[in-house]
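Written out below as structure tokens is the structure these notes cover.
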Amino acid sequence: MARFQAKPREDGKGPYRWAHVVRSRKGFRLGSIYRQIGDDLNPDETRALTQICAREGFDLRRVP
């Protein structure tokens, strides 16, 4: 089980902050000020998240 943070890749439009990845009814989303701790993701969810981030242009990092 691991927690992750994601942010949009730099495109010159502004500084982006890392946000925790949380589960939602439709898959994954970035956490907000109301949901600041990311969910623990299993290996299958981690693979899916990695593919989504690569396809949609997000940087991803694992949080200890």
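Because the structure is predicted, anything quoted here is derived from the model rather than measured. Residue numbers start at 1 and run along the sequence shown.
Once rounded to the nearest 0.5 Å, the distance linking OG1 of T46 with CG of L60 reads 8.5 Å.
Partners of R61 according to the side chain to side chain donor-acceptor pair (under 3.5 Å) rule, which considers only residues two or more places apart in sequence or in another chain, are Q5. Applying the side chain to side chain donor-acceptor pair (under 3.5 Å) rule to R9 yields the partners D59; only residues at least two apart in sequence or on another chain are considered. Under the side chain to side chain contact (heavy atoms under 4.5 Å, CB included) criterion, A2 pairs with F4, R62, sequence neighbours left out. Residues meeting the salt bridge (charged side-chain N to carboxylate O under 4.0 Å, His left out) test with D11, sequence neighbours left out: none. With sequence neighbours left out, R29 forms a side chain to side chain donor-acceptor pair (under 3.5 Å) with no residue at all. Remark: E10 engages K7 in a salt bridge (charged side-chain N to carboxylate O under 4.0 Å, His left out) (not counting sequence neighbours).
Salt-bridge annotation for R3 and D39: absent, with no side-chain N of the basic residue lying under 4.0 Å from a carboxylate O of the acidic one.
Of all heavy-atom pairs between A6 and C53, the closest is CB-SG, 4.5 Å. The minimum heavy-atom distance between P8 and Y16, with the atom names listed, is O-CD1, 3.8 Å. For the residue pair L30 and F58, the shortest heavy atom distance occurs at CD1-CE2, 4.0 Å.
Checked by atom type and distance alone, the side chain of E45 pairs as donor or acceptor with a backbone atom of N42 at under 3.5 Å.
Under the 4.5 Å side-chain heavy-atom criterion for grouping Ile, Leu, Val, Met, Phe, Trp and Tyr, V21 is connected to I52 within one hydrophobic cluster.
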